[in-house]
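Quick notes on the structure that follows.
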Protein chains: 2
Amino acid sequence: MVTKQFTGSPDEADLRRADSLARELFSDIANKWALLIIEVLGGRTLRFSELRDQIDGISHKMLTQNLRMMERNGLVEREVHPTVPPKVEYTLTEPGRALKKTVDGMCDWTHQYLGHIEASRNHFDG
Amino acid sequence: MVTKQFTGSPDEADLRRADSLARELFSDIANKWALLIIEVLGGRTLRFSELRDQIDGISHKMLTQNLRMMERNGLVEREVHPTVPPKVEYTLTEPGRALKKTVDGMCDWTHQYLGHIEASRNHFDG
DNA sequence: CCGAATCCACAACGATACTG
DNA sequence: CAGTATCGTTGTGGATTCGG
């Protein structure tokens, strides 16, 4: 994505394409709501409204938007039950569950270093 | 993380405080630029301008903002050399390096599942 | 070279209302 | 209940400038 030079070689073109895809994907998932959805969903299957109830502060709109994005990227599977009233369930796919493991690491880190961070903040703010 | 109930117990108050801190922290670091900075910085020490050159597309403003935030949270250490011209170097702290390990996991994931994701996108878009 | 402040375009977001 | 669309507001982030 940084290379401005163009060699015409197909191999390099492929690399650039893969690189830009990786970056795009990274931008997609490196956001607060997407990561929270992955965490809350975990290995379970949850309805839209259940997700919304369990993710504090998320709006209807943000939830749908992120779920669409995650479905598009193959992180969640969307299952529509043609009942009245409608019922839509979401489940992490295999790639989604794999990603969850790394997000778990981030959460663990957060709790592990909570003390460090709080101290650092107090020092910085004062 | 979601509990709305209030019991008045000091222990629960502590938990709520820690919880809100964790959320705040999560919102801070769960963003594209912060994670990219952590990745690029790695174990090295880099100047402001070097960081800027190596992170494609980041603006001066975003870089400073995120570096401040990360310094405040104790993820990076900022070292000012009182020379002319000025020289400011940034290094990951120990908590920062610990976090990097989990971010590495995210990057690995990205590359590992690139094929899945591309296929899923093509299917979704078509 | 680095940082802070200003301005402002534009995207993100919440609220609302309507459909199946 | 879940999804889409629209609207109005907020706020993010880029460009620029000036100061240390």
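Convention: sequence-line order gives letters A, B, ...; per-chain numbering from 1.
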### Query
Can you check the K87(B) NZ to dG3(C) P distance for me, whole Å?
14 Å
### Query
Any side-chain donor-acceptor pair under 3.5 Å between N73(B) and D28(B)?
yes
### Message
Rounded to whole Å, how long is the line connecting atom CD of Q65(A) with atom P of dT4(D)?
### Response
10 Å
### Message
So if I take every side-chain heavy atom of S59(B) and compare against dC1(C), dC1(D), dG14(D), which nucleotide ends up nearest?
### Response
dG14(D)
### Query
Rounded to the Å, how far apart are M62(A) CE and dA11(C) P?
14 Å
### Task
Would you mind reading off the distance between L63(B) atom CG and dC2(C) atom C1', rounded to a whole angstrom?
10 Å
### Task
Grab the CH2-P distance between W33(A) and dG14(C) for me, whole Å please.
7 Å
### Query
Should Y90(B) be listed as having a side-chain N or O under 4.0 Å from OP1 or OP2 of dC2(C)?
no
### R68(A) side chain near dG3(D) phosphate (N/O to OP1/OP2, under 4.0 Å)
yes
### Task
Would you indicate, yes or no, if dT4(D) has its OP1 or OP2 atom less than 4.0 angstrom from a side-chain nitrogen or oxygen of T64(A)?
no
### Query
Side-chain N or O of R78(B) less than 4.0 angstrom from OP1 or OP2 on dC2(C)?
no
### Query
Nearest-Å distance, NE2 (H60(B)) to P (dC18(D))?
15 Å
### Task
Can you label the angle between the Y113(A) ring and the W109(A) ring as parallel, tilted or perpendicular, going by 30° and 60°?
tilted
### Task
Using a cut-off of 6.0 Å, state whether more than 12 heavy atoms not belonging to R52(A) lie near its atom CZ.
no
### Query
Should R121(A) and E24(B) count as an ion pair when the cut-off is N to O under 4.0 Å?
yes
### Task
Indicate whether OP1 or OP2 belonging to dC1(C) is found under 4.0 Å from a side-chain N or O atom of R47(B).
no
### Query
How close or far is atom P of dA15(D) from atom NZ of K61(B), stated in whole angstroms?
11 Å
### Query
Taking the nucleotide of DNA chain C with the closest heavy atom to each, which residue, P86(A) or G57(A), is nearer the 5' end?
G57(A)
### Message
Under 4.0 Å, counting only non-hydrogen atoms across every strand here, what does R52(B) touch: a base, just sugar-phosphate, or nothing?
### Response
nothing
### Query
Looking at T102(A) and M106(B), what are the two nearest heavy atoms and their distance?
OG1-CG, 3.3 Å
### Query
Rounded to the Å, how far apart are M69(B) CE and dG13(D) C1'?
15 Å
